[in-house]
Amino acid sequence: MKVATAEFLLSAHHCKQFLRDGIPEVAFAGRSNVGKSSLMNRLLNRKGLARTGSTPGRTQAVNYFLINGNLYFVDLPGYGFAKAPRTERRRWAELMNDYFGRPEAPQTLLLQLVDGKVGATRLDVEALAYFQSLGLEPLIVATKIDKLPRTRRPRSLTSIRERLGCAGGEMIVPFSAVTGEGVQQLWGGISDFLERRRRPAASKSLNQVGMK
Ligand code: GTP
Ligand code: MG
């Protein structure tokens, strides 16, 4: 997909600020510092659009970006930032519950990012169980894959798959914000999602004949 325009819209610190205008949303979730903002910037080919940094907890609100006037990218604050004060962590949990508990949430495409080198941690496993309990089936992305030599990648991806309990056919997209690996594959997933939203009847009939 060609990104003609990408602009920051707003930082929501409270559920009242969440956007509810029917525009499709792609949300990025993952541990603090896993590379959510970097991945978004790389997908959009806009270096400083979402703020990135080596200090975990850089993104603390639900940040909305408008892409081509007809799609939102939603950069979520990372989970598991242990050094954050307790009140802040509680505020984060409430914000996430509000975001994922919205009636529109099941229509969101959720990308769950897992560090390709570190692997899936206990927090990643718990977060996935939480998303699944809400009826969401996130697309899993293994980030910072450039940090792993190619020979070690298959073993790391298999281990992430096992930890997360992914069934054989489910896709894990290896990604690097440094080299751009995985960009096309993720845009493919986003385009499929948008197509399914545009033509729900068509995807339903595919489901019915067992083709999907
Ligand atoms: P929070 O907003 O704190 O939750 O972090 P985040 O998940 O948005 O991570 P962010 O994109 O800010 O990246 C964290 C650090 O990892 C930064 O220092 C990035 O430069 C680095 N980083 C992100 N993606 C990659 C990648 O693909 N490869 C490498 N080598 N480093 C990366
Ligand atoms: Mg961030």
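Keep in mind that what you see is a predicted model, and the values were worked out from it rather than measured. Numbering of ligands and ligand atoms starts at 1, following listing order.
Using a 4.0 Å heavy-atom cutoff, S176 is listed among the residues neighbouring ligand 1. The closest approach between any non-hydrogen atom of N33 and ligand 1 is below 4.0 Å.
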Take N63 and Y72 through the side-chain hydrogen bond (donor to acceptor under 3.5 Å, both in side chains) test and state the conclusion after the steps. CA-CA 10 Å; N63 289 321; Y72 291 135; over 6 Å; no
Can Y64 and D75 be said to form a side-chain hydrogen bond (donor to acceptor under 3.5 Å, both in side chains), step by step? CA-CA 7 Å; Y64 286 86; D75 192 14; over 6 Å; no
Please report the C-alpha distance between I145 and T179 in whole Å, then the side-chain angles of each, then the deciding distance to 0.1 Å, and finally whether the side-chain contact (heavy atoms from CB on, under 4.5 Å) criterion is met. CA-CA 9 Å; I145 206 72; T179 65; 5.6 Å; no
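Between the Mg ion (ligand 2) and S37 there is an N/O/S contact shorter than 2.8 Å.
The atoms of ligand 1 that sit less than 4.0 Å from any heavy atom of G78 are 4 (O). Of all atoms in ligand 1, numbered sequentially from 1 with element shown, those under 4.0 Å from a heavy atom of D146 are 26 (C), 27 (O), 28 (N), 29 (C), 30 (N). Remark: ligand 1 atoms within the under-4.0 Å shell around heavy atoms of S38 are 10 (P), 11 (O), 13 (O), 19 (C), 23 (C), 24 (N). Heavy-atom proximity to K147, at under 4.0 Å, picks out these atoms of ligand 1: 30 (N). With ligand atoms numbered from 1 in the order given, ligand 1 contributes 26 (C), 27 (O), 28 (N), 29 (C), 30 (N) to contacts under 4.0 Å with heavy atoms of V178.
Between I145 and ligand 1, a contact under 3.5 Å exists for no N or O pair. An N or O contact shorter than 3.5 Å is missing between P77 and ligand 1 by distance. For ligand 1, none of its N or O atoms has an N or O atom of L76 under 3.5 Å away. Looking at ligand 1, you won't find any N or O of D75 less than 3.5 Å from one of its N or O atoms.
Side-chain atoms of N68 never come within 3.5 Å of backbone atoms of N70 as a donor-acceptor pair (strictly under, hydrogens ignored).
The only member of L110, I190, V26, L111 that meets side-chain contact (heavy atoms from CB on, under 4.5 Å) when paired with L139 is L111. The only member of R42, K144, R150 that meets salt bridge (Lys or Arg N to Asp or Glu O under 4.0 Å) when paired with E181 is R150.
In this view, T108 and R102 satisfy the side chain to side chain donor-acceptor pair (under 3.5 Å) rule, not counting sequence neighbours. Under the ring-ring contact (aromatic ring centres under 6.0 Å, His included) criterion, Y130 pairs with no residue, sequence neighbours left out.
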